[in-house]
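Okay, so here's the structure we're looking at.
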Amino acid sequence: MLKRNICIANIQAGYLFPEIARRRREFAASHPDAKIISLGVGNTTEPILPHIDEGLVEGARRLGTVEGYSGYQDEGLLSLREKISAVFYRNTFTAEEIFISDGAKCDIGRLQLLFGAGTKVAVQDPSYPVYVDGSVLIGAASSWNGTGYGGIVYLPCTAENRYFPDLSLLPADALVYFCSPNNPTGAVASRKQLESLVQAAREKGCIIIFDAAYSEFIRDDGLPRSIYEIEGSKSCAIEVNSFSKPAGFTGVRLGWTVVPRDLKYSGGESVNADWARIAGTIFNGASNIAQAGGLAALDSEGLREVRQLTDFYLGNAALIRSALQALGISCIGGDNSPYIWACFPGRKSWDVFAEILETCQVVTTPGSGFGPAGESFIRFSAFGHRADVEEACSRLSRLKI
Ligand code: PLP
């Protein structure tokens with residue numbers, strides 16, 4: 001018989017969200033009359049808006065015609081790659097530097113193949129779990145030591161450092177995951193902060209994987225939406241992004257990754273050429289229908305709908321944030337991001353999660369699931385129907401904090 005992959009054996013317990021789902025099911029089974037509301041996961045809830053939806057429908061229809069049919073498109077439709085360059089990067093990238101994916105999460109996992117087992121990895125702490133779990137799966141990190149994984153450098157992001165890490169902790173020659181607007185804290189790095197990150201990465205020979213999945217939620221024009229707004233970043237950063245949250249494509253599956261031509265390994269080889277090789281080897285491209293929807297999302301009417309949808313979720317975020325603040329709970333996020341990060345000093349996250357579930361029948365996400373520095377925090381997600389969010393906010397007043 002074959003032995004189990006040691007890397008899988010190294011992964012601690014279940015992935016965070018299945019564990020939350022398990023606890024929710026358990027609660028529902030013992031409280032059959034409970035009307036549970038989820039402010040937990042980051043899954044979208046609102047329908048795809050009409051113009052973008054029509055783009056998807058039209059994409060499917062075209063596949064049924066001789067002139068409109070298309071098959072494999074490994075790196076993605078040229079027109080979509082060019083449109084992404086125009087809309088998000090002022091045409092500063094060629095189509096060959098933009099790779100269409102079936103979502104940011106999938107590419108975050110696949111990107112690890114560029115660097116392999118034994119790579120030093122640094123993450124914001126707390127962070128989106130896939131950066132760490134993906135590193136364990138590829139063998140870049142080793143087993144759980146009680147507070148974290150061996151081989152991962154955790155960069156604490158706390159109230160004391162205003163949720164931006166101390167870059168003197170960044171090791172040399174590491175792969176650095178950085179997410180802004182951040183999941184789970186909702187913090188958005190300023191231009192100055194990203195300049196210091198790029199400078200540190202260049203000095204220390206690091207490569208940044210910049211996750212911009214929530215960039216369309218930024219409303220403050222002074223805040224950078226892409227790492228490539230920072231000079232010098234093309235030689236030290238890869239950027240992943242997604243249509244999931246801004247266009248409601250969590251189930252449609254579409255994203256992109258930018259791998260600049262200027263990005264080189266320590267030996268001078270092209271990272272872009274390797275990424276094209278990997279994409280052609282183990283990924284046969286995103287759905288053509290999804291890409292037709294993506295093109296619709298990026299024309300002027302589509303961008304208006306993206307704004308409308310993100311405004312809706314930001315409206316939810318504002319309601320949650322003020323409900324928490326009315327209870328005297330200190331929190332950040334929710335203004336340029338769909339997540340609110342609430343602090344419960346001296347408490348364990350899973351205990352607060354259980355209390356909110358018991359008292360309010362509201363599912364949240366325990367901060368400790370995002371890394372050691374997430375202990376004592378709860379993440380509230382603004383993805384929900386308005387009536388549910390309003391009901392959840394009114395139930396939160398039952399909390400005796
Ligand atoms: N990156 C971050 C920070 C996320 O929070 C998520 C989803 O919640 C993703 C990436 C995944 O995006 P996609 O649906 O494109 O895989």
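Note that ligands are numbered from 1 as they come in the structure, with each ligand's atoms numbered from 1 the same way.
- For R386 and F312, the positive end sits near the middle of the six-membered ring, less than 6.0 Å away and at most 45° from its axis.
- If you look at ligand 1, the protein residues with a non-hydrogen atom under 4.0 Å away are G103, A104, K105, Y128, Y131, C179, N183, D211, A213, Y214, S242, S244, K245, R253.
- In summary, the side chains of R379 and N183 do present a donor paired with an acceptor at a separation below 3.5 Å, with no hydrogens or angles considered.
- A cation-pi arrangement is not found for K245 relative to F217, the charged atom failing to lie both closer than 6.0 Å to the ring centre and inside a 45° cone about the ring normal.
- Residues I84 and I100 meet the side-chain proximity criterion, which asks for heavy atoms closer than 4.5 Å.
- Salt bridge present: R225 and E216 bring a charged side-chain N and a carboxylate O closer than 4.0 Å.
- In this structure, R219 and L314 have side chains that are in contact, with non-hydrogen atoms separated by less than 4.5 Å.
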